[in-house]
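Remarks on the structure that follows.
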Amino acid sequence: MTSPASATIVAGRDGVAAARHLSRWLALAATPTFAIMAVLTAMTGGPADLLCAAGQGSLLGGMVPMYLLMSAFHSAAWLRLIAERRGASGRPSA
């Protein structure tokens, strides 16, 4: 029989492991989500994109460039996953 204290420690470890697992999947989901949002915004346009780009002569104005930048900034999780997979397979990196 396990004591309530040891059951709490095990549950706490499982909760930490579950939180880490969830955060890793959320980090992986960010890049494709922002990329899809950029494509959809580019295809549909819409008043939000016009509002964000209004009065700006910059190429970085608007929602599409913002989503593309957000996708690039969140790509670290994918790069880390690729590096881990290459390390696990024993193949030398190019």
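What's counted below: heavy atoms across the whole structure, side chains too, no hydrogens, waters or symmetry copies.
- Of the inter-residue distances, the one linking L79 atom CG with E84 atom CD reads 11.5 Å to the nearest 0.5 angstrom.
- Of the possible donor and acceptor atoms, one in the side chain of S23 sits under 3.5 Å from a partner among the backbone N and O of R20.
- For the pair H74 and M70, the tightest heavy-atom approach, listed with the atom from each and the gap, is ND1-O, 2.8 Å.
- When atom types are taken as modelled, the side chain of S71 and the backbone of F34 share no donor-acceptor pair closer than 3.5 angstrom.
- Atom-to-atom distance recorded for Y67:OH and L40:CG is 9.5 Å, nearest 0.5 angstrom.
- Note that CD1 of I36 is 11.5 Å distant from OG1 of T41, once rounded to the nearest 0.5 Å.
- Using a 4.5 Å heavy-atom cutoff, the side chains of R24 and L81 are in contact.
- Tracing side-chain contacts under 4.5 Å through hydrophobic residues (I, L, V, M, F, W, Y), one reaches W78 starting from W25; they form part of the same cluster.
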